[in-house]
Asks: 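Would you mind keeping the following structure in view while I ask a few things?
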Amino acid sequence: MNAAAFPTSSSQVPASILPRRGGIFGRLSDLFWRRPKLLLFLMLTPPLLWLGVIYIGSLIALLLQSFFSIDDFSGLVNYEFTLSTYAQLLNSTNFDIIVRTVVMAALVTIASALVAFPIAYYAARYAQGKWKALFYLGIMLPLWSSYLVKVYAWKLILAKEGILTWIFAKLHLGWLLDGVLTLPVIGGNSLSVSYIGTFLVFVYIWLPYMILPTQAALERVPANLLEASSDLGATPNQTFRTVLLPLALPGVVAGSIFTFSLTLGDYIIPQIVGSSRLFIGQAVYAQQGTAGNVPLAAAFSVVPIVIMAFYLWIAKKQGAFDAL
């Protein structure tokens, strides 16, 4: 080949492939093309400032408020650092609120995982074409409706005059429903004012957040691994315990992040459907509202943050973030 066809000096190399464009937008486009890091910086700066000032800043302010206390005589905030507000969380009333909320969040997470797994498994392994589209529509459709509308709908369903009581009566199973409602602690005058009702509404509201990550994790499990397990003589139960469940566990843990954290901080569902006993979200609302005890409300708010930080650390160890 002719060597003269290739430039050998830097003076012969063109400055750019395309000529520079005129106008301010053309010059900006050329600048961002030559300096992509500048474009990335300009794009990320506004959301990072918003996140830093509004979100992280408010969390820092919340944390600082929790180290203050309320003067018992004047009812005013005493702006001196103290741990006495956190000590109040350990008294019987406040500690019961924390335990009640954590137990409910754990039960809702476990129940959501048990319900979501077979649904997600069917969608990942057997649903094809229009059936998979129908699956996604069925899971996503409840998320399009108003949160409050769904909660109040369940309030009517679970009421003593609601459709659920009517169905039990038509099936001559009213005695079973009455027996469930007479159970200590979790029962009540009707399902709409009991912990059972609160539990059912929590599971219904947050179930899609468990199904979708679980289904995504199950789709990543190679089918040949299940076939190899069967060829090697493993029973279906052994294949599930030793192959399928360990590989799908990150998706289940990822879904549990949503169900556990959302249940932990919710105060609307227990306010509308449930007994008069408070959850953490209700305690925060009551303390900063009617009681005017902002430091105690801030201390209550820190509890879910600490619990979720520890939970996220465990979830990261399980590889849950890869399934999000």
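Residue numbers count from 1 along this sequence. Computed from heavy atoms alone, side chains included, the values below leave out hydrogens, waters and symmetry copies.
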Asks: Supply the atom-to-atom distance M104 CE to I186 CD1, rounded to the nearest 0.5 angstrom.
Replies: 9.5 Å

Asks: Has Q238 got a side-chain atom pairing as donor or acceptor with T235's backbone, closer than 3.5 angstrom?
Replies: yes

Asks: Near F41 CZ, under 6.0 Å, is it more than 12 heavy atoms from other residues, nucleotides or ligands?
Replies: no

Asks: Is any side-chain heavy atom of T259 closer than 4.5 Å to a side-chain heavy atom of F202?
Replies: no

Asks: Are S190 and T165 packed together at the side-chain level, in the sense that at least one heavy-atom pair is separated by less than 4.5 angstrom?
Replies: no

Asks: Hey, what do you get for OG1 (T239) to CG (L244), rounding to the nearest 0.5 Å?
Replies: 8.5 Å

Asks: Please confirm whether the backbone N or O of F258 pairs with a side-chain atom of S261, one donor and one acceptor, at under 3.5 Å?
Replies: yes

Asks: Would you check if W206 and T263 make a side-chain contact, meaning some heavy-atom pair closer than 4.5 Å?
Replies: yes

Asks: Can V306 be reached from L264 by stepping across I, L, V, M, F, W or Y side chains whose heavy atoms are under 4.5 Å apart?
Replies: yes

Asks: Measure from the side-chain N and O atoms of S256 to the backbone N and O of V253, and report whether any donor-acceptor pair falls under 3.5 Å.
Replies: yes

Asks: Consider only side-chain heavy atoms of I, L, V, M, F, W and Y, link residues closer than 4.5 Å, and tell whether V294 and I305 are in one cluster.
Replies: no

Asks: Can you tell me how the ring of F117 sits relative to the ring of F240, calling it parallel under 30°, perpendicular over 60° and tilted otherwise?
Replies: perpendicular

Asks: Would you give the length of the straight line joining atom CG of L262 to atom CD1 of I257, rounded to the nearest 0.5 angstrom?
Replies: 11.0 Å

Asks: In residues 118-125, what donor-acceptor pairs under 3.5 Å come from side-chain atoms, sequence neighbours left out?
Replies:
from : atom 1 : to   : atom 2 : distance (Å)
R125 : NH1    : V221 : O      : 3.4
R125 : NH2    : L218 : O      : 3.1
R125 : NH2    : V221 : O      : 2.5

Asks: How far apart are the C-alpha atoms of L89 and L296, what are their side-chain angles, what is the distance that settles it, and do they pass the side chain to side chain contact (heavy atoms under 4.5 Å, CB included) test?
Replies: CA-CA 8 Å; L89 296 178; L296 184 57; 4.0 Å; yes

Asks: With sequence neighbours excluded, give me every side chain to side chain donor-acceptor pair (under 3.5 Å) pair touching residues 142-164.
Replies: Y147-D266

Asks: Run the ring pair (Phe, Tyr, Trp, His ring centres under 6.0 Å) test against Y86 and tell me which residues pass, sequence neighbours left out.
Replies: F67

Asks: About how many Å separate CG of L177 and CG of L171, when rounded to the nearest 0.5 Å?
Replies: 11.5 Å

Asks: State, with a plain yes or no, whether a side-chain heavy atom of N293 is found less than 4.5 Å away from one of Q88.
Replies: yes

Asks: Return yes if some donor-acceptor pair links the side-chain N/O of S69 with the main-chain N/O of T85 below 3.5 Å, else return no.
Replies: no

Asks: Using a 6.0 Å cut-off, check whether atom CG of N189 has over 12 heavy atoms from anything other than its own residue.
Replies: no

Asks: Would you mind reporting whether F68 and F81 have side-chain heavy atoms less than 4.5 Å apart?
Replies: yes

Asks: Is it true that a side-chain atom of S112 and a backbone atom of V108 form a donor plus acceptor pair closer than 3.5 Å?
Replies: yes

Asks: Please name the pair of heavy atoms, one in Q282 and one in Y267, separated by the smallest distance, quoted to 0.1 Å.
Replies: N-CB, 3.5 Å

Asks: Please enumerate all residues that pass ring pair (Phe, Tyr, Trp, His ring centres under 6.0 Å) together with F199, with sequence neighbours excluded.
Replies: none

Asks: Who pairs with N91 by side chain to side chain donor-acceptor pair (under 3.5 Å), at least two apart in sequence or on another chain?
Replies: N94

Asks: Could you walk me through whether L148 and I268 satisfy the side chain to side chain contact (heavy atoms under 4.5 Å, CB included) test, starting with their C-alpha distance in whole Å, then the side-chain angles of each, then the deciding distance to 0.1 Å, before giving a yes or no?
Replies: CA-CA 8 Å; L148 285 175; I268 295 178; 3.6 Å; yes

Asks: How far apart are the C-alpha atoms of L107 and V103, what are their side-chain angles, what is the distance that settles it, and do they pass the side chain to side chain contact (heavy atoms under 4.5 Å, CB included) test?
Replies: CA-CA 6 Å; L107 292 176; V103 170; 3.9 Å; yes

Asks: Going only through I, L, V, M, F, W and Y residues with side-chain contacts under 4.5 Å, is there a path from I205 to L114?
Replies: no

Asks: Using 0.5 Å steps for rounding, measure from the CD1 atom of I280 to the CD1 atom of I97.
Replies: 8.5 Å

Asks: Might you work through the side chain to side chain contact (heavy atoms under 4.5 Å, CB included) test for Y285 and Q271, ending with a clear yes or no?
Replies: CA-CA 11 Å; Y285 180 81; Q271 186 76 20; 5.7 Å; no

Asks: Could you work out, with ring pair (Phe, Tyr, Trp, His ring centres under 6.0 Å) as the rule, every residue matching F279, not counting sequence neighbours?
Replies: none

Asks: Below 4.5 Å, heavy atoms only, C-beta onward: do V77 and I70 meet side chain to side chain?
Replies: yes

Asks: Closest approach of P213 and P208, non-hydrogen atoms and distance?
Replies: CD-O, 4.4 Å

Asks: Just how far is it from atom CG of L158 to atom CD1 of I163, taken to the nearest 0.5 Å?
Replies: 11.0 Å

Asks: Kindly indicate, with the supporting measurements, whether the criterion side chain to side chain donor-acceptor pair (under 3.5 Å) is fulfilled by Y79 and Q65.
Replies: CA-CA 8 Å; Y79 294 98; Q65 286 281 350; 5.2 Å; no

Asks: Side-chain heavy atoms under 4.5 angstrom apart, residues restricted to Ile, Leu, Val, Met, Phe, Trp, Tyr: same cluster for W175 and I196?
Replies: yes

Asks: Testing the basics here: between A217 and A248, what is the closest heavy-atom pair and its distance to 0.1 Å?
Replies: CB-O, 4.0 Å

Asks: Would you say S275 and V193 make side-chain contact, with heavy atoms under 4.5 Å?
Replies: no

Asks: Hydrophobic cluster membership, with links at side-chain heavy-atom distances under 4.5 Å among I/L/V/M/F/W/Y: are L156 and F168 in one?
Replies: no

Asks: What heavy-atom pair brings I139 and L143 nearest, and what distance separates the two atoms?
Replies: O-CG, 4.1 Å

Asks: Would the distance check show the side chain of R100 and the main-chain N or O of R277 forming a donor-acceptor pair, the cut-off being under 3.5 Å?
Replies: no

Asks: Do L62 and S301 make a side-chain contact, defined as non-hydrogen atoms from C-beta onward lying under 4.5 Å apart?
Replies: yes

